[in-house]
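Below is one structure, written out as structure tokens; the observations come after it.
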Amino acid sequence: MIEIERKFLVKSKGYKKNSLSKHFVKQGYLSTDLSRCVRVRIIDEKAFITIKGASSIDGLSRFEWEKEICKKEADEIIMLCAADTIEKIRYVLEFDGNKFEVDEFQNKNNGLIIAEIELSSKSQLFKKPEWIGKEVTGIKKYYNSQLAQKPFSKW
């Protein structure tokens, strides 16, 4: 499956008032190679293994394969991960008919807040909420796999 998404820095906490749900996310990387990244993610009590391919030149799309696994297995696999784990609080909300996910990073990435929107096509238009800041789509240092290796606190 091809994933199409755009990422933005968040400039205020305005997203919290419209949040539909809030989740704790922990993820680790078995491979942080940008051409074939392998991630294990736990969201609350569910767990997934994900393989992502290289990003398109514009950074908007890439291949993504994901499968749900049991949480116990995910806990064990995370122990094998190469870099630091990423921990974040994810807020899910709708704005003008589109779903946004806002991640408040913790630990070594504390202070970084990124919003993502998944699109059905690269040309899909959408309205940006007032709390959306600078677009960081395609900027590799904002990829979670790269934040696991070089956290926000070390920039």
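Everything numeric in this text was worked out from a predicted model, so none of it was measured.
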Side chains of [X] and [Y]: does their closest heavy-atom pair fall under 4.5 Å?
X	Y	answer
Ile114	Leu9	yes
Trp65	Ile49	yes
Asn98	Gln124	yes
Asp75	Lys71	yes
Leu34	Gln146	yes
Phe105	Ile86	yes
Thr32	Cys37	no
Ile2	Phe63	yes

Distance from [X] atom [atom1] to [Y] atom [atom2], nearest 0.5 Å?
X	Y	atom1	atom2	value
Asn109	Lys150	CG	NZ	12.0 Å
Phe126	Leu119	CZ	CG	6.0 Å
Leu60	Glu3	CG	CD	11.0 Å
Lys7	Glu116	NZ	CD	4.5 Å
Lys26	Gln106	NZ	CD	11.5 Å
Lys67	Ile51	NZ	CD1	11.0 Å

Is Ile132 reachable from Ile89 through a run of hydrophobic residues whose side-chain heavy atoms are each under 4.5 Å from the next?
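Result: yes, single cluster for both.
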
Do Val136 and Val10 sit in the same hydrophobic cluster, where Ile, Leu, Val, Met, Phe, Trp and Tyr count as joined when their side-chain heavy atoms come under 4.5 Å apart?
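In one cluster: no.
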
Non-hydrogen atoms of [X] and [Y] that approach each other most closely:
X	Y	value
Trp131	Ser12	CB-OG, 3.2 Å
Tyr143	Ser55	OH-OG, 2.8 Å
Ser120	Ile4	O-CD1, 3.9 Å
Trp155	Leu147	CZ2-CD2, 3.6 Å
Ser19	Leu93	CA-CB, 3.9 Å
Ala148	Tyr29	CB-CD1, 4.0 Å

Begin from the C-alpha positions of Lys52 and Ser145 and carry the test side-chain contact (heavy atoms from CB on, under 4.5 Å) through to its verdict.
CA-CA 10 Å; Lys52 292 189 175 208; Ser145 63; over 6 Å; no

Please determine whether a side-chain nitrogen of the Lys or Arg among [X] and [Y] lies less than 4.0 Å from a carboxylate oxygen of the Asp or Glu.
X	Y	value
Lys13	Glu104	yes
Asp103	Lys88	yes
Lys99	Glu101	yes

Residues forming a side-chain contact (heavy atoms from CB on, under 4.5 Å) with Asp33, sequence neighbours excluded:
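Counting only residues at least two positions away or on another chain, Asp33 forms a side-chain contact (heavy atoms from CB on, under 4.5 Å) with Ser31, Ser35, Arg36.
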
Within 6.0 angstrom of Leu125 CG, more than 12 heavy atoms from elsewhere:
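No, CG of Leu125 has 12 or fewer neighbouring heavy atoms, counting only those of other groups under 6.0 Å.
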
For the NZ atom on Lys16, are there more than 12 heavy atoms of other groups (residues, nucleotides or ligands in this structure) within a distance under 6.0 Å?
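Yes, the 6.0 Å shell around NZ holds more than 12 heavy atoms from other groups.
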
Under 3.5 Å, side chain of Thr137 to main-chain N/O of Arg6, donor-acceptor pair present?
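No, the answer is negative, given that no donor and acceptor are paired below the 3.5 Å cut-off.
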
side-chain hydrogen bond (donor to acceptor under 3.5 Å, both in side chains), that's the test. Do Arg39 and Thr50 meet it? Break it down for me.
CA-CA 5 Å; Arg39 169 186 80 202; Thr50 307; 3.2 Å; yes

Please say which of Phe24, Tyr15, Phe100 ends up in a ring pair (Phe, Tyr, Trp, His ring centres under 6.0 Å) with Tyr91.
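Of all the options given, the one that passes is Tyr15.
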
For Phe8 and Ile117, run side-chain contact (heavy atoms from CB on, under 4.5 Å): C-alpha distance rounded to whole Å, both residues' side-chain angles, the deciding distance at 0.1 Å, then the answer.
CA-CA 9 Å; Phe8 301 87; Ile117 181 172; 4.3 Å; yes

Under the criterion side-chain contact (heavy atoms from CB on, under 4.5 Å), I'd like the reasoning laid out for Ile69 against Ile77: C-alpha separation, chi angles, the key distance, then a yes or no.
CA-CA 11 Å; Ile69 60 175; Ile77 294 170; 4.2 Å; yes

